[in-house]
Amino acid sequence: MFASSSACAASGDRGSVRSAAVVNTEIRALWGRAGGVLPPAEQERYQRLLVEWAAAVRADVVEAA
């Protein structure tokens, strides 16, 4: 499921982008499970989540304008 969400976020399809709050919750859960240190595979996932979160925030700003 995550890969399809990321693809939608990257494509700019606002209707399919998860909200910044939802992505933030996933980021917090990732860090909570990691205990403060992310292994390389989780670092990559974290980076993808950050990109998705930033896209969601930008989409919200554009929508508000």
Side-chain angles (χ1 to χ4, degrees):
M1 182 175 155
F2 178 76
S4 63
S5 296
S6 295
C8 292
S11 71
D13 179 7
R14 176 60 184 136
S16 299
V17 175
R18 297 188 298 169
S19 73
V22 169
V23 178
N24 188 39
T25 299
E26 193 170 332
I27 290 169
R28 288 177 180 271
L30 177 68
W31 277 107
R33 287 188 306 271
V37 178
L38 294 174
E42 294 297 307
Q43 290 175 12
E44 291 173 17
R45 181 168 181 231
Y46 174 65
Q47 291 299 319
R48 288 191 307 268
L49 285 168
L50 285 180
V51 169
E52 184 180 1
W53 176 83
V57 168
R58 280 191 304 274
D60 287 345
V61 169
V62 169
E63 224 174 73

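Atom set for the values below is all heavy atoms of this structure, side chains included, hydrogens, waters and symmetry mates excluded.
- Counting non-hydrogen atoms of other residues, nucleotides and ligands closer than 6.0 Å to CZ of R33 gives a total above 12.
- Using a 4.0 Å cut-off between charged nitrogen and carboxylate oxygen, R48 and E26 do not count as a salt-bridge pair.
- Among all heavy-atom pairs drawn from A20 and A56, the shortest one is N-CB, 3.5 Å.
- Between the OH atom of Y46 and the CD atom of Q43 there is a distance of 10.5 Å, given to the nearest 0.5 Å.
- Distance check, rounded to the nearest 0.5 Å: CZ of R45 to CD1 of I27 gives 9.5 Å.
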Checklist entry - Run the side-chain contact (heavy atoms from CB on, under 4.5 Å) check on E52 and V22 step by step: do they pass? => result CA-CA 10 Å; E52 184 180 1; V22 169; over 6 Å; no
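- Atoms CD and CG, on E42 and L49 in that order, are 9.0 Å from each other to the nearest 0.5 Å.
- Pairing each heavy atom of L30 with each of L38, the nearest pair is CG-CD2, 4.0 Å.
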